[in-house]
Amino acid sequence: MKDPQNTVVFPQVVTQGTNEQKKQAFFQVLASIPVGRVTSYGKIAELSGMGRGARLVGRWLGQLPEDTRLPWHRVLNSQGKLSLPADSPSGSEQRARLLAEGVLVRDGRVNLRQYGWP
DNA sequence: CTTATGACGTGGT
DNA sequence: AACCACGCCATAA
């Protein structure tokens, strides 16, 4: 996959297939997280046919270009905590973006009961 | 082919 | 709740 910049035509969610297809599915799922909602690495992995590949989701998110339009900031860990260091540039960016779209972030975490997706 | 590496998850202390 | 030890799995070396 070469274009994570929202120009890709997202296919249907796959539950099995080549790694390329899984990666495409990953982009599709990521792109479909609604504004003001959040999900976890594990959930994305599951929905993308990667089973327990939560760490892969994190790895791929980290490889997104800096100017990507995909909502990487809506991905948290299974506890609802932000995984990026709070003091890092990306960490504060994530927090700022979430707050900007109405997601309450308190002590580096979010209430999944309230903002979790799906 | 074998190891190491993660924006992780889970179960046990 | 916080920590830890393992398990996971595509990728890179």
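Proteins come first, then strands; the chains are lettered A, B, ... in the order of their sequence lines, and each starts at number 1.
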Work out which heavy atom in [X] is nearest to a heavy atom in [Y]; give both atom names and the distance.
X: A/Ala31; Y: A/Pro71; value: CA-CD, 4.2 Å
X: A/Leu104; Y: A/Leu99; value: CA-CD2, 4.3 Å
X: A/Val110; Y: A/Leu76; value: CB-CD1, 3.7 Å
X: A/Ala45; Y: A/Ala54; value: CB-N, 3.7 Å
X: A/Arg74; Y: A/Leu98; value: CA-CD2, 4.3 Å
X: A/Leu56; Y: A/Met50; value: CB-SD, 4.5 Å

Once you apply a heavy-atom cut-off of 4.0 Å, does A/Gly62 come out as touching a base, just sugar-phosphate, or nothing?
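Result for A/Gly62 = base.
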By the 4.0 Å heavy-atom rule, please label A/Ser40 as base, sugar-phosphate, or nothing.
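Contact class for A/Ser40: sugar-phosphate only.
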Protein-nucleotides 7-9 of chain C N/O pairs closer than 3.5 Å?
{"residue": "C/dG7", "atom": "O6", "partner": "A/Arg55", "partner atom": "NH1", "Å": "2.8"}

Using the C1' atom on both, measure C/dA13 against B/dA7 and round to a whole Å.
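Here C/dA13 and B/dA7 have their C1' atoms 22 Å from each other.
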Does any residue of [range] have a heavy atom under 4.0 Å from DNA chain B, and if so, which ones, in number order?
range: residues 75-86 of chain A; result: A/Asn77, A/Ser78, A/Ser83, A/Leu84
range: residues 95-103 of chain A; result: none
range: residues 109-118 of chain A; result: none

Side-chain N or O of A/Lys23 less than 4.0 angstrom from OP1 or OP2 on C/dA10?
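For C/dA10, OP1/OP2 do not have a side-chain N/O of A/Lys23 under 4.0 Å.
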Just jot down the side-chain contact (heavy atoms from CB on, under 4.5 Å) partners of A/Arg55, sequence neighbours excluded, or say none.
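Applying side-chain contact (heavy atoms from CB on, under 4.5 Å) to A/Arg55 gives none.
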Would you give me the side-chain donor-acceptor pairs under 3.5 Å for residues 80-93 of chain A, sequence neighbours excluded?
{"residue": "A/Ser88", "atom": "OG", "partner": "A/Pro85", "partner atom": "O", "Å": "2.7"}
{"residue": "A/Ser88", "atom": "OG", "partner": "A/Ser90", "partner atom": "OG", "Å": "3.4"}
{"residue": "A/Ser88", "atom": "OG", "partner": "A/Gly91", "partner atom": "N", "Å": "3.0"}
{"residue": "A/Ser92", "atom": "OG", "partner": "A/Ser88", "partner atom": "O", "Å": "3.3"}
{"residue": "A/Ser92", "atom": "OG", "partner": "A/Pro89", "partner atom": "O", "Å": "3.0"}
{"residue": "A/Glu93", "atom": "OE2", "partner": "A/Arg97", "partner atom": "NE", "Å": "2.6"}
{"residue": "A/Glu93", "atom": "OE2", "partner": "A/Arg97", "partner atom": "NH2", "Å": "3.4"}

Which residue pairs pass the salt bridge (Lys or Arg N to Asp or Glu O under 4.0 Å) test with at least one member in residues 36-45 of chain A, sequence neighbours excluded?
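Passing the test, one end in residues 36-45 of chain A: A/Lys43-A/Glu46.
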Any salt bridge (Lys or Arg N to Asp or Glu O under 4.0 Å) pairs touching residues 106-118 of chain A, not counting sequence neighbours?
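Sorted pair list comes back empty.
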Membership question, hydrophobic clusters at under 4.5 Å side-chain separation (ILVMFWY): are A/Val75 and A/Val103 in the same one?
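Different hydrophobic clusters.
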Linking I/L/V/M/F/W/Y whenever any side-chain heavy atoms sit under 4.5 Å apart, do A/Leu47 and A/Val38 land together?
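Result: no, two separate clusters.
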Which two nucleotides bound the region of DNA chain B that has atoms under 4.0 Å from heavy atoms of chain A, read 5' to 3'?
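Going 5' to 3' along DNA chain B, contacts run B/dT5 to B/dT10.
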Report the residues that fulfil salt bridge (Lys or Arg N to Asp or Glu O under 4.0 Å) with A/Arg52, sequence neighbours left out, ordered by chain and then residue number.
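For A/Arg52, no residue satisfies salt bridge (Lys or Arg N to Asp or Glu O under 4.0 Å) once neighbours in sequence are set aside.
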Scan for ring pair (Phe, Tyr, Trp, His ring centres under 6.0 Å) pairs involving residues 72-117 of chain A, sequence neighbours excluded, and state none if there are none.
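As it turns out, there is no ring pair (Phe, Tyr, Trp, His ring centres under 6.0 Å) pair with a partner in residues 72-117 of chain A once direct neighbours are skipped.
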Sequence neighbours excluded, which residues qualify as ring pair (Phe, Tyr, Trp, His ring centres under 6.0 Å) partners of A/Phe26?
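Result, ring pair (Phe, Tyr, Trp, His ring centres under 6.0 Å) vs A/Phe26: A/Trp60.
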